[in-house]
There are 2 protein chains.
Amino acid sequence: MARPRSSSRTVEHPAMAEVSLQQVLDALVDPVRRAVVSQLARADEDISCGTFDVSVSRSTLTHHFNVLREAGVIRQYYVGTTKMNTLRTDEMEGRFPGLLSALVAASAPETGVSAR
Amino acid sequence: MARPRSSSRTVEHPAMAEVSLQQVLDALVDPVRRAVVSQLARADEDISCGTFDVSVSRSTLTHHFNVLREAGVIRQYYVGTTKMNTLRTDEMEGRFPGLLSALVAASAPETGVSAR
DNA sequence: GTCGGCATTCGACGGGCGTCGTACTATGAC
DNA sequence: GTCATAGTACGACGCCCGTCGAATGCCGAC
């Protein structure tokens, strides 16, 4: 029991073997998307789409999430009307070892984690 | 002695501290430029501009080299009329640890190194 | 049922970048 | 000197992608 109510809409995710390096780089070259990834990497819990700190419109944000998901970078699932997001850290590590972690590490200083 | 004759034209290179992650990613997201980097990573010696195995025109190739150099990824120097290229591997490792190596490793399968 | 909030879809717009050909410069061989 | 070769500079073209607003769909609360 304790079924996670609202198994409503499901989201399609690519198998890791399917995603190409080009896709991942195309996804991570955009600063907005990299900001999303950074915030996910630093978060303790999954984050809903609407609570990200980015300066684009809702529709643009949806677009970015699609790109990230289709590149295998994030996993998404619905909880009620809100959509939650997680990094597919381990899977990415298996597919492209060291890539995502290096990128997150390199992004960290940019997002103001450095001196505080 | 044994001065490498023709210290003629010199090339400007950015200091590593100057290059941004965005620059590096912009540089490495292009498949042609990544092919250049891969070939450099696999080469035992420095390679002249004209001997790369890419399918773009000479002028386009020049453009790609400029982008890579300005992103701090490669170092260039003239030898006579030919221009040689090297990866700034160690410096990049210092600036963005693990990034370039992860990328080269991920690119390797694409460039046909896998089964031979 | 109605309402409100969260996210998506669609079409349109604009800018940036990869591409090319041509003209040009610079070096080395002769 | 002439010539050939290596690479550069410049301008033009086309396409892809990030951006937005408005309209729509979906779900939960009431």
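A, B, ... follow the sequence lines: proteins, then strands. Residue 1 opens every chain.
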- B:R69 has an atom CZ; how far is it from atom C1' of D:dG7, in whole Å? 12 Å
- Angle between terminal axes - the helix from C:dG1-D:dC30 to C:dC30-D:dG1, 5 pairs each end, rounded to 10°: 30°
- Message: For B:V24 and B:L100: C-alpha separation, side-chain torsions, deciding distance, then whether side chain to side chain contact (heavy atoms under 4.5 Å, CB included) applies.
- Response: CA-CA 9 Å; B:V24 176; B:L100 187 55; over 6 Å; no
- Expressed in angstrom and rounded to an integer, what is the separation of A:I47 atom CD1 from C:dC6 atom P? 16 Å
- Query: Would you say the side chain of A:L99 lies within less than 4.5 Å of the side chain of A:L21, judging by non-hydrogen atoms?
  - Reply: yes
- Are B:K83 and C:dA26 close enough that a side-chain N or O sits under 4.0 Å from OP1 or OP2? no
- Note on the structure: To the nearest angstrom, the OH-P distance between A:Y77 and C:dA7 comes to 13 Å
- Query: Whole-Å distance between D:dA6 P and B:M84 CE?
  - Reply: 13 Å
- Message: Could you tell me how far apart A:I74 (CD1) and C:dA7 (C1') are, to the nearest whole angstrom?
- Response: 13 Å
- Starting at atom OH of A:Y78, determine the distance to atom C1' of C:dG5, rounded to an integer number of angstrom. 13 Å
- Just how far, in rounded Å, is C1' of C:dC6 from CG of A:N85? 13 Å
- Spacing between B:F65 atom CZ and C:dC17 atom P, to the nearest angstrom: 20 Å
- Item | Verdict with supporting geometry, A:V67 and A:D26, side chain to side chain contact (heavy atoms under 4.5 Å, CB included) | CA-CA 9 Å; A:V67 174; A:D26 281 336; 5.9 Å; no
- Closest to the side chain of B:T81, out of D:dG18, D:dG21, D:dT5, is D:dT5
- Message: Just N and O in the side chain of A:R9: are any of them under 4.0 Å from OP1 or OP2 of D:dC27?
- Response: yes
- Task: Would you classify B:D26 as touching base, sugar-phosphate or nothing, given that sugar-phosphate means primed atoms plus P, OP1 and OP2, and contacts are heavy atoms under 4.0 Å?
- Result: nothing
- Task: Would you give the length of the straight line joining atom CG of B:L68 to atom CZ of B:R34, rounded to the nearest 0.5 angstrom?
- Result: 11.0 Å
- Task: Please state whether the phosphate of C:dT19, meaning OP1 or OP2, lies under 4.0 angstrom from any side-chain nitrogen or oxygen of B:H64.
- Result: yes
- Message: Could you measure the distance from the CZ atom of A:R33 to the NE2 atom of A:H64? Nearest 0.5 Å is fine.
- Response: 6.0 Å
- Query: For A:I74 and A:L87, what are the C-alpha separation, side-chain angles and deciding distance, and is it a side chain to side chain contact (heavy atoms under 4.5 Å, CB included)?
  - Reply: CA-CA 4 Å; A:I74 65 171; A:L87 280 184; 4.0 Å; yes
Pairs under 3.5 angstrom, nitrogen or oxygen only, protein versus nucleotides 9-15 of chain C, please.
none

- Message: With side chain to side chain contact (heavy atoms under 4.5 Å, CB included) as the criterion, how do B:V56 and B:H63 come out once you've worked through the C-alpha distance, each side chain's angles and the decisive distance to 0.1 Å?
- Response: CA-CA 11 Å; B:V56 290; B:H63 165 66; over 6 Å; no
- Please check if the side chain of B:Q76 supplies one atom and the backbone of B:K83 the other of a donor-acceptor pair under 3.5 Å. no
- Residues A:Q23 and A:A71: closest non-hydrogen pair is O-CB, 3.8 Å
